[in-house]
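Please read the structure below before turning to the comments.
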Amino acid sequence: MPITRIALVGHCGFDSGSLSRFASEAAPDAQVVRINDQRALDEVAGAETLMLVNRVLDGRFDVGGSGIALIKAIAGQPDASPAMLVSNYEDAQREAVAAGALPGFGKSDVGNPATKQRITDAVS
């Protein structure tokens with residue numbers, strides 16, 4: 001199933017703005033939505049949604065504040081959404097990939113052409 005939506009999961013308003021613009025450039029045909037609670041996450045979850053998950057979640061989620069715990073929960077679902085961790089910490093990136101995420105990127109990489117390509121590849 002093609003990815004038609006990018007969900008910005010657990011990001012503050014400031015970060016959501018820059019991530020939203022960047023994700024829209026990387027995947028202009030995808031709808032970009034901001035998710036800050038479990039109910040909204042459950043509404044968009046599925047193989048057609050790429051989740052860009054913050055390492056420390058801003059909002060209310062069943063797993064608490066851990067983006068890596070959320071990725072583990074997402075990866076364990078049938079018809080799981082692909083997910084990328086948004087974190088500058090390499091150890092967190094390794095842990096997220098081990099939990100089932102695609103290779104992610106740090107907030108400092110927003111705007112980087114290689115990061116843009118990573119998102120484009122993930123939705124293709």
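Predicted model only: the values in this text are computed from it and were never measured.
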Linked, directly or transitively: Phe105 and Ile68 (ILVMFWY side chains, under 4.5 Å): no

Any Met51 side-chain heavy atom under 4.5 Å of Thr49 side chain: yes

Start with the C-alpha gap between Leu57 and Val63, add the side-chain angles, then the distance that decides, and say whether side chain to side chain contact (heavy atoms under 4.5 Å, CB included) holds. CA-CA 10 Å; Leu57 299 171; Val63 297; 4.2 Å; yes

Answer yes if Val53 and Val44 sit in the same cluster of Ile, Leu, Val, Met, Phe, Trp and Tyr residues linked by side chain heavy atoms under 4.5 Å apart, and no otherwise. yes

I'd like to know if Leu19 and Leu50 are part of one continuous hydrophobic network [Ile/Leu/Val/Met/Phe/Trp/Tyr, side-chain heavy atoms within less than 4.5 Å]. yes

Taking it one step at a time, do Leu41 and Leu70 satisfy side chain to side chain contact (heavy atoms under 4.5 Å, CB included)? CA-CA 10 Å; Leu41 181 69; Leu70 183 64; 3.6 Å; yes

Working note: Glu43 + Arg39, criterion salt bridge (charged side-chain N to carboxylate O under 4.0 Å, His left out); need CA distance, chi angles, decisive distance, verdict. CA-CA 6 Å; Glu43 288 177 6; Arg39 181 193 54 77; 2.7 Å; yes

Side-chain heavy atoms under 4.5 angstrom apart, residues restricted to Ile, Leu, Val, Met, Phe, Trp, Tyr: same cluster for Ile3 and Leu102? yes

With side chain to side chain contact (heavy atoms under 4.5 Å, CB included) as the criterion, how do Arg118 and Asn112 come out once you've worked through the C-alpha distance, each side chain's angles and the decisive distance to 0.1 Å? CA-CA 10 Å; Arg118 186 173 285 181; Asn112 181 312; over 6 Å; no

What heavy-atom pair brings Ala75 and Ala80 nearest, and what distance separates the two atoms? O-CB, 4.1 Å

Asp58 side chain to Asn36 backbone, donor-acceptor under 3.5 Å: no

Side-chain heavy-atom pair Lys107, Asn54 within 4.5 angstrom cut-off: yes

For the hydrophobic clusters of this structure (ILVMFWY residues joined by side-chain heavy atoms under 4.5 Å, transitively), does one cluster hold both Phe22 and Val33? no

Where Pro103 and Met84 come nearest, the two heavy atoms and their spacing: O-CE, 3.7 Å

Got a donor-acceptor contact below 3.5 angstrom from the Asp62 side chain to the Gln38 backbone? no

Side chains of Thr120 and Gln117, heavy atoms from C-beta outward: is any pair under 4.5 Å? yes

Any side-chain heavy atom of Gln93 sitting closer than 4.5 Å to one from Ser87? yes

Walk me through it: do Val32 and Leu8 pass the test side chain to side chain contact (heavy atoms under 4.5 Å, CB included)? CA-CA 7 Å; Val32 178; Leu8 309 178; 3.9 Å; yes

Side chains of Glu48 and Arg5: does their closest heavy-atom pair fall under 4.5 Å? yes

Atom pair CD1 (Ile119) and CD (Glu25), whose distance is rounded to the nearest 0.5 Å: 10.0 Å

Shortest non-hydrogen contact from Glu95 to Lys72? OE2-NZ, 4.4 Å

Any side-chain heavy-atom pair of Val86 and Asp15 under 4.5 Å: no

Closest non-hydrogen atoms of Asn88 and Gly106, given as atom of the first, atom of the second and distance, are OD1-CA, 2.9 Å

Quick one: CD1 on Ile6 to OG on Ser20, what's the gap to the nearest 0.5 Å? 9.0 Å

Might you point out which heavy atoms bring Ser66 and Ala69 nearest each other, and give the distance in Å? OG-N, 3.0 Å

